[in-house]
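Below is one structure, written out as structure tokens; comments come after it.
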Amino acid sequence: MYEIHHFVDSKVTKGTSGRMADILNPATGEVQGKVALANKAEMDAAIEVAAKAQPAWGALNPQKRGRVMMAMVHLLNRDMDKLAEALSREHGKTLPDARGDVQRGLEVIEYCIGAPQMLKGEYSDNAGPGIDMYSMRQPLGVTAAIAPFNFPAMIPLWQVGPALACGNAVIMKPSERDPSVPLMIAELFAEAGLPDGILQVVNGDKEAVDAILDNETIQAVGFVGSTPIAQYIYSRACANGKRAQCFGGAKNHMIIMPDADMDQAADALVGAGFGAAGERCMAISVAVPVGKETADKLIEKLVPRIEKLRVAPYTDGDDVDYGPVITAAAKENILRLIQTGVDQGANLVVDNRDFKLQGYEDGFFVGPHLFDNVTTDMDIYKTEIFGPVLCTVRAETYEEAIGYAMDHEYGNGTAIFTRDGDTARDFANRINIGMVGINVPIPVPLAYHTFGGWKKSGFGDLNQHGPDAFKFFTRTKTVTSRWPSGLKEGGEFHFKAFD
Ligand code: NAD
């Protein structure tokens with residue numbers, strides 16, 4: 001049994017609220033640790049520390065901030081296995097998946113080494129007689145990041161890296177389900193040379209989040225999590241005059257055209273639908289085959305692949321396909337939704353409702369499920385299940401298929417599998433979804449592009465990482481200056497303001 005507290009002013013700081021939450025081992029259901037839940041006073045104190053430290057960090061030249069990022073990349077690589085192990089222990093995902101979680105976060109830190117380039121301003125020479133005009137990007141001050149449980153390394157690194165590189169101090173509020181890795185990340189940043197007080201990790205739940213949203217010092221809030229909480233945080237942060245970017249849930253459709261390579265499409269669907277137990281905001285949860293023949297062929301190819309999936313704890317080796325879901329409540333919710341699918345008339349082609357793993361009967365394992373003949377009025381179609389459940393919605397035409405994806409309230413990611421360039425191009429241009437894959441099932445943009453969904457998957461104007469992050473975490477100041485003394489006596493312009 002271990003305890004996770006906070007990290008304030010570069011020191012592990014014991015929580016004083018007296019409230020703690022259980023950290024579960026999702027493979028066994030046992031309580032393996034406790035995490036401190038901060039109250040408003042603890043959050044306010046951490047924000048004050050950040051506010052004192054930020055001006056010096058913000059005034060540092062950006063190359064020096066970039067060098068901290070460079071050192072951090074080295075440390076993340078050095079501790080990759082240690083971070084992955086801690087991540088799998090609390091989250092339950094496989095070790096290769098956990099390493100991927102750290103790796104995708106690390107790539108954003110790599111991108112942040114380029115802070116001097118990203119923060120370069122604009123200059124207009126001779127905007128008027130003796131007049132020059134320039135714009136600079138300045139840090140906001142103290143910003144906050146609120147993270148979900150499903151990527152406890154990647155998302156905190158995405159949120160924190162650009163904010164720090166821009167010269168802000170940051171309050172990081174990790175998920176209370178798997179708080180160890182964000183704390184380890186903060187310790188690594190301190191080792192990388194980040195000055196004291198620039199990155200605080202404050203653990204907690206709604207009380208800690210509300211303290212962030214109501215604190216006047218916090219200038220911007222980045223949130224990633226479920227849509228109802230994203231909407232709540234976005235509206236409360238904005239009402240309190242803060243900048244906010246809040247990313248929510250998803251229901252990602254993959255369209256399979258009759259000309260697609262069906263083996264490639266089936267492999268892609270199995271990886272994207274069941275990897276990480278479906279607990280990815282970019283997971284494919286809806287397959288839309290176009291035409292009866294395509295649908296029949298696809299189902300025929302999917303079933304044996306899904307039946308072969310190995311569901312086990314990460315400790316069982318690298319050939320495990322996926323592990324448990326995060327909590328008993330998540331497992332119950334997934335099984336309840338599967339039952340509604342059956343009750344509402346969908347065809348459960350792969351049924352693992354009675355799945356039990358010997359020796360891990362109290363763990364939160366859910367076997368893989370495949371539905372066919374799902375319709376858009378069913379709960380399993382409308383709701384984000386966030387589990388190992390793939391729904392097949394059959395479409396007769398491409399227009400019908402694209403219409404399903406367009407009409408769904410979520411707009412995070414989508415994909416099309418086809419060999420036809422015209423169809424692929426039309427799909428990419430018309431679809432009202434933020435991230436699009438063409439024969440790529442999980443089109444997560446790399447660090448130097450931006451990540452963000454549309455519709456109810458994202459609230460706010462700017463995306464995560466890439467150039468947008470450098471805009472989100474800075475504000476523009478524009479200076480107009482007049483230096484007439486440089487003009488020769490008798491020149492075109494003579495400045496008389498002080499005459
Ligand atoms: P969640 O919304 O339950 O929690 C996210 C964060 O919000 C946590 O830090 C939690 O402590 C806090 N929180 C929870 N309830 C709150 C409340 N009532 N008031 C204030 N704060 C609260 O999400 P989760 O279960 O941790 O993560 C899974 C969700 O995140 C899924 O919906 C998934 O699609 C989404 N997600 C989205 C993206 C994206 O980029 N769009 C990425 C990853 C995950």
Side-chain angles (χ1 to χ4, degrees), residues 19 21 23 26 35-38 40 43 90-93 101 104-105 108 144-159 171-179 181-182 201-214 221-237 244-252 276-285 325-327 329-331 333-334 364 383-387 409-414 433-435 442-445 450-460 462-466 468-469:
R19 287 172 66 232
I23 304 169
V35 56
L37 302 176
K40 182 170 169 10
M43 182 59 82
E90 290 182 352
H91 179 285
K93 64 174 75 173
D101 195 327
R104 291 310 291 266
V108 168
I146 301 160
F149 80 83
N150 67 326
F151 282 100
M154 181 184 85
I155 289 176
L157 286 166
W158 283 9
Q159 294 175 315
I171 304 291
M172 168 86 233
K173 208 299 286 169
S175 167
E176 58 274 47
R177 314 255 180 256
D178 44 16
V181 170
V201 178
V202 184
N203 283 298
D205 54 9
K206 180 170 169 49
E207 189 176 344
V209 171
D210 287 347
I212 288 172
L213 298 176
D214 293 342
V221 178
F223 169 87
V224 180
S226 61
T227 288
I229 311 297
Q231 277 176 309
Y232 164 71
I233 290 178
Y234 186 71
S235 49
R236 189 151 166 179
Q245 54 170 200
C246 299
F247 301 95
K251 195 82 177 172
N252 304 318
E279 289 177 324
R280 289 178 181 145
C281 67
M282 289 294 278
I284 294 289
S285 47
V325 298
I326 191 72
T327 56
K331 177 177 171 173
N333 188 45
I334 295 163
F364 314 136
T383 319
E384 180 185 41
I385 303 175
F386 223 52
E409 65 172 349
Y410 291 118
N412 213 40
T414 189
I433 289 174
M435 292 169 281
I442 306 191
V444 175
T450 72
F451 182 106
W454 290 13
K455 299 186 275 183
K456 288 209 168 155
S457 297
F459 305 88
L462 294 165
N463 283 348
Q464 296 194 89
H465 64 65
D468 272 16

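Order of listing sets the numbers, starting from 1, for every ligand and every atom in it. As the structure is a computational prediction, the values presented were derived from the model and not from experiment. As a basis for the values below, the full set of heavy atoms in this structure was taken, side chains included, without hydrogen atoms, waters or symmetry mates.
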Partner residues of R177 under the side-chain hydrogen bond (donor to acceptor under 3.5 Å, both in side chains) criterion, sequence neighbours left out:
none
Set of residues satisfying side-chain hydrogen bond (donor to acceptor under 3.5 Å, both in side chains) with respect to E409, sequence neighbours excluded
none
Compare [options] and give the one whose heavy atom is closest to [atom].
{"atom": "atom 1 (P) of ligand 1", "options": "A230, S226, P152", "value": "S226"}
{"atom": "atom 32 (O) of ligand 1", "options": "K251, E384, E279", "value": "E384"}
{"atom": "atom 7 (O) of ligand 1", "options": "W158, F223, F151", "value": "F223"}
{"atom": "atom 35 (C) of ligand 1", "options": "G249, G225, C281", "value": "G225"}
{"atom": "atom 37 (C) of ligand 1", "options": "P148, G458, G248", "value": "G248"}

When you look at NZ of K456, are more than 12 heavy atoms from neighbouring residues, nucleotides or ligands closer to it than 6.0 Å?
no
Heavy-atom contact under 4.0 Å between P174 and ligand 1?
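It does, in that a heavy atom of P174 comes within the 4.0 Å cut-off of ligand 1.
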Check this for me, if you would: do K40 and D210 make a salt bridge, where the nitrogen-to-carboxylate-oxygen distance has to be below 4.0 angstrom?
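No, no charged N to carboxylate O under 4.0 Å.
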Specify the protein heavy atom at minimum distance from atom 21 (N) of ligand 1: its residue, its atom name, and the distance to 0.1 Å.
V209 CG2, 3.5 Å
Could you check atom 15 (N) of ligand 1 against the protein and tell me its nearest heavy-atom contact, residue, atom and distance included?
I229 CD1, 3.6 Å
Can an N or O of F149 be found at a distance shorter than 3.5 Å from an N or O of ligand 1?
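Yes - when backbone and side-chain N and O of F149 are compared with those of ligand 1, one distance drops under 3.5 Å.
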Looking at [atom1] of [X] and [atom2] of [Y], how far apart are the two atoms once the value is rounded to the nearest 0.5 Å?
{"X": "T383", "Y": "N333", "atom1": "OG1", "atom2": "CG", "value": "8.5 Å"}
{"X": "I155", "Y": "C281", "atom1": "CD1", "atom2": "SG", "value": "6.0 Å"}
{"X": "N463", "Y": "F247", "atom1": "CG", "atom2": "CZ", "value": "5.0 Å"}

Indicate the atoms forming the closest heavy-atom contact of P152 with V181, along with that distance.
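Of all heavy-atom pairs spanning P152 and V181, the closest is O-CG1, 3.8 Å.
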Show the nearest heavy-atom pair for residues G453 and M435, with the distance to one decimal.
N-CE, 4.1 Å
H91 and ring pair (Phe, Tyr, Trp, His ring centres under 6.0 Å): which single residue from F364, F149, F151 fits?
F149
Ligand-side contact atoms (ligand 1) for residue partner [X], heavy atom cut-off under 4.0 Å:
{"X": "F451", "result": "40 (O)"}
{"X": "K173", "result": "8 (C), 9 (O), 10 (C), 11 (O)"}
{"X": "E176", "result": "10 (C), 11 (O)"}
{"X": "N150", "result": "43 (C), 44 (C)"}
{"X": "F247", "result": "39 (C), 40 (O), 41 (N)"}
{"X": "A147", "result": "5 (C), 6 (C), 8 (C), 9 (O)"}

Under 4.0 Å from ligand 1, counting heavy atoms only, is it the side chain of I155, its backbone, both or neither?
side chain
Under 4.0 Å, heavy-atom basis, I'd like to know which part of T227 is in contact with ligand 1: side chain, backbone, both or neither.
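The answer is neither.
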Are any non-hydrogen protein atoms located under 4.0 Å from atom 30 (O) of ligand 1?
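True for atom 30 (O) of ligand 1.
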